Amino acid sequence: MQKIIKIIILFIFLFVIGIFYISLTRNTNYNTSSLINKETPEFKIISFDDSNFYTRDDVKKNNYTLINFWASWCAPCKVEHPILMKLSQTKNLVILGINFKDKEPQAKIFLSELGNPYDLLAKDKNGKHSVKFGIYGIPESILINKELMIIQKFVGPLSVDDYNNIIKIIE
Amino acid sequence: MLSNLGNILLFLNVILSLSIIYTANRNLKISGGVDKNIFQLSLIQSTSIIICFFVLIAAFIVSDFSLITVYQNSHSLKPLFYKVAGTWGNHEGSLLLWAIILSIFSFLFLIYNKDHPKKFRLLTLIIQNILILGFLFFILFNSNPFSKISPIPSEGLGLNPILQDPALAIHPPLLYVGFVGASIYFSAAIASLITNYSEKSFSLSIKNWVLISWCFQTLGILVGSIWAYYELGWGGFWFWDPVENASLLPWFAMTALFHSLIVFEKRNLFYFWVIILCLITFTLSVTGTFLVRSGILNSVHTFASDPTRGIYILIFLSLMIFGSIFLLFQKYKKQNYDLNRNSKETFILVNNWFMMFYLITVLLGTIYPIFTDALTDNKISVGPPFYNTIIFPVVVIFLLFMALGPKAKWIKNKFENIRIYFFILAGAISLNLAIIFFFKSYSLLSNFIIISALFLIISSLIDIAKALKRNKLDYARIISHTSFGFLVLFIGLNDIFSLEKDYNIKLGETKKFENYSIQLQNLDLKNYKNYKAVIGKLEIKNINSNQTNILNPEIRIYNKPKTLTYEAAIKTSLIKDYYLTMSNIDRSDYYNIKFQKKPLMVWIWISVIMIVVGGSIRLFNNAKNN
Amino acid sequence: MKLNLFLLLFIFFSKFSFAAEKTVDQNLIHKNLRCLVCQGQSISDSNSDFAQTIKLVVKDLIDEGKTEDEIYEFMSDKYGDWIVFKPQFNTQNSLLWILPYIALIFGGFFIFSFLKKRQ
């Protein structure tokens, strides 16, 4: 009996230290990956020029849609912008830009200076829509397929690796 | 230059530790007293590590940016006080402070325990020096405060402004004396196991050290909480954050330990339990260090934390744990106890029972997210609601035991007058009813907590009255226990009667709520030496009493390093604090203001100080009696 | 007499505790949600962009008539369990919730085993 208890105690400590060791080498960056492989939530978001609303129906029309949250005040958004420009030239992919908590004149200047990669452009003035997509800091991008399934989430600026990844998926 | 000097001193300390181990080991085999050389070596060791630390302080004072640590944590424009405090405000410098505490405690333990067996003293010294060596190697090979940088930068990066606070300057040293000080009874416990020194007198060798570390740990936690309250700007003082929990875990173990030491000293019971608690305390200290310093608990933002640092501490920790377990398994003998249900021994065991429950709960809450993340890839948060639901209901019972326990006599006790407890309980309940009747409160649990706290306070006061008559009073115990009752009472009342309002407000605007009105009257921009500040002028008016208060919260923009901080404006009085923070809302003319009324804050701090006063009285009494 | 007193107290307390359950406390919800972009702060304590957005959404959800638990569920759906400070009681977290009580009961038995069997 005493022997069993001793073995159990040893085992518990080994287990705890083992887990500590594993955790040391893990990437601690947080992403809301729980949304991947789930259906896109319903949304109705006003277009940038106030002319109409975009909903999931606009996503269904395309093979793939990339929803990109951006703002003129966000420095990393400038970093990822060239990648978005490159992505805008690919077929099979529609980019829905959502201008996040921004002032319109500044957003316009941003796009006229750096180019407009967005096929569809909407705005999220108070940020409420971002919550539906699990956005916690911009830029963030979400790749969705025709069946409205979220395939991939990108937290932070899109990198060249992300670009290649997206190209691989949509082809 | 300073870098070389520091490194030489560190090496000198390694050599000193090794020679102490060698000499002590040789001395073990020879009969006679403890070798004089050992005292000298030990004294030189303490002195040289202190000099080493002063070298580092000097580097901070003269802003010697050739040292990476100074470069990363200091700035030439920083006030002198924070330059000095910056020495231990970082990872490397704090480890050096640890080495000092380890060495000084080692020396003092050696000279103050002359009545104990030589073998036990020498072995304690050896074990302690092995620990010292472990830390010295860590400092030298992984976290060397004297590492050089080249080319030499012309200016430092500066210390994070929220760390530039007097409370935070003294918080770490206090806490370190607490939980690094626990190392000495870890070493003593191992030595006692090896030498089979399990007599009652063993407790005499460690009890003062336990008390010292406990007092400092308590003060350290208090100062940390005060800092959080004044500096972090959310109006609370405890958030069950992993970093806070890491300081609380050894505290539970220490508290359990010095209670069971009383039984061990008086009745020679629970020897192995005392040993286990000694081992647990320091093990928890190192575990806490591992969790905080390795960066595995940092979540969203990855800081440049060095994984080898974590691995080193983990190896150190594993050696400590498995070494102690191995030894304990070898030496453990089953002891049978036959305690009376109603006796002081039993009540002290009950104290330990609850302490272990708190410890396990807090430990589990702290490390559980690491487990879910590693095993199921799902990160969870364990925050205040978890601890509040699990711990507080149990506190109610704990307080009742705390009121009854100290009255019990050794071996066999009879409660003479049970009826009086009903009266106390009735008194506590009616006081509580008066409180909710006059001030309105809602939660069932908080009512129970207040009742039990009042129960403890009233019965302690009756004890005092009785003991004063007979002129036989254990001040230490009664002060600590009563203050603990008050602490819980004040925290409970503070929680229930806090008021919190959150508004977005423009210049000149007035907001009204309950019987207060609040107006943003003015905004002022001021330039200071190392920061700029937007200072708000807000008037808070109590409509009922027509009393007004002006509060000036600040938004500070520091330049080195570039950070934005929000300074709370706090109006403290004996009854309540007004607590106001203001922050700018990006891209708008509105300011977000958060107003809080926090009753009895000062009394929470005072209660904790009184708990420590109780502990110190016990310490002085012990010293006098020896 | 004592029984009556207890009953009275019980009614007194329960009246208060029921009164509290009816309204959803917005601030309490803020306190129980983690500000993901801050260091160990809750939504209530933070004034970051993220916290402000969440505050707006929480208000909307309350206006829609969602209960406190439904709001937590919504948030952990979107942002993962990390955002909620009170871990849910599910299979994964069962040990977290149960183990402290097991320790408490176990400790009680332990002490009991030390006591004299006959009084």
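Every chain is numbered from 1, with letters handed out A, B, ... down the list of sequences. This structure is a prediction, so every number in the text was calculated from the model and none was measured.
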Counting heavy atoms not belonging to [X], are there more than 12 under 6.0 Å from its [atom1]?
X        : atom1 : result
A:Phe43  : CZ    : yes
A:Tyr163 : OH    : yes
A:Glu104 : CD    : yes
C:Tyr101 : OH    : yes
C:Glu64  : CD    : yes
A:Lys6   : NZ    : yes

Which value, rounded to the nearest 0.5 Å, describes the distance between C:Leu61 atom CG and A:Lys128 atom NZ? 9.5 Å

CD1/A:Ile135 to CG/C:Leu36 distance, rounded to the nearest 0.5 angstrom? 12.0 Å

Donor-acceptor contact below 3.5 Å, side chain A:Tyr136 vs main chain C:Cys35: no

Side-chain (C:Lys78) to main-chain (A:Lys132) donor-acceptor, under 3.5 angstrom: yes

By a 4.5 Å heavy-atom criterion (distance strictly below it), what part of A:Lys101 contacts chain C: side chain, backbone, both, or neither? side chain

Which heavy-atom pair separates C:Thr53 from A:Ser130 by the least distance, and what is that distance? CG2-OG, 3.9 Å

Tell me, side chain or backbone of C:Asp60 under 4.5 Å from chain A's heavy atoms, or both, or neither? side chain

Below 4.5 Å, heavy atoms only, C-beta onward: do C:Phe50 and A:Val131 meet side chain to side chain? no

